[in-house]
Amino acid sequence: MALERTLSIIKPDATRRNLTGKINARFEEAGLRIVAQKRVRLTKEQAEGFYAVHRERSFFGELVAFMISGPVVVQVLEGEGAVAKNREIMGATNPANAAAGTIRADFAESIEANSVHGSDSLENAAIEVAYFFSQCEIAG
Ligand code: RTP
Ligand code: MG
């Protein structure tokens, strides 16, 4: 399997509950390396741009409001098959459907406040990493 990079976001529900370290430990235990990381407050425009694929969905306004409701930690995870591996350890979008032992099963509050984002394909990972990080901010 190839070495990949994927974009991860620790969402406001998780930063509010001080879960950054616990979530980062899950990544590291799974063999993913945090090669870039910053804690930021997204602007409305940044959140809308990031989730633009969902702009026609009924939950778009609420999703954007949630993502700007507190600080987030945006990060680049690197590892063998990092995109799929991260999706696996995150668990399903709705924590009620997330497999036992996944981040969302253990930490998410709801389908919206579900603690983490992870890129869903290698192609989107490259776009999402570039949305938040320049090359010189990533140290692999
Ligand atoms: P993400 O993009 O954040 O990694 O999550 P995902 O792929 O598992 O889910 P996606 O379908 O891309 O949805 C993006 C985020 O929108 C919120 N959501 N709310 N109220 C709802 O029915 C609903 N559905 C989705 C969640 O925060 C989800 O992660
Ligand atoms: Mg998604």
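Ligands are counted one by one from 1 in listed order, and the atoms in each one are counted from 1 as well.
- Every side chain to side chain contact (heavy atoms under 4.5 Å, CB included) that R17 has, sequence neighbours left out, goes to D13, L19, E109, S115.
- In this structure, the side chain to side chain contact (heavy atoms under 4.5 Å, CB included) partners of I138, at least two apart in sequence or on a different chain, are R5, V35, A36, V76, V129, F133.
- Interatomic distance, K85 NZ to E80 CD, rounded to the nearest 0.5 Å: 7.5 Å.
- Annotation: side chain of I9 is not in contact with side chain of V116 (no heavy-atom distance under 4.5 Å).
- Contacts of ligand 1 (protein heavy-atom distance under 4.0 Å) are K11, Y51, H54, F59, L63, R87, M90, T93, R104, I111, E112, N114, H117, G118.
- Classified by interplanar angle (parallel below 30°, tilted 30° to 60°, perpendicular above 60°), the ring pair Y51/H117 is perpendicular.
- Taking R55 as the reference, A52, F60 meet the side chain to side chain contact (heavy atoms under 4.5 Å, CB included) condition, with sequence neighbours excluded.
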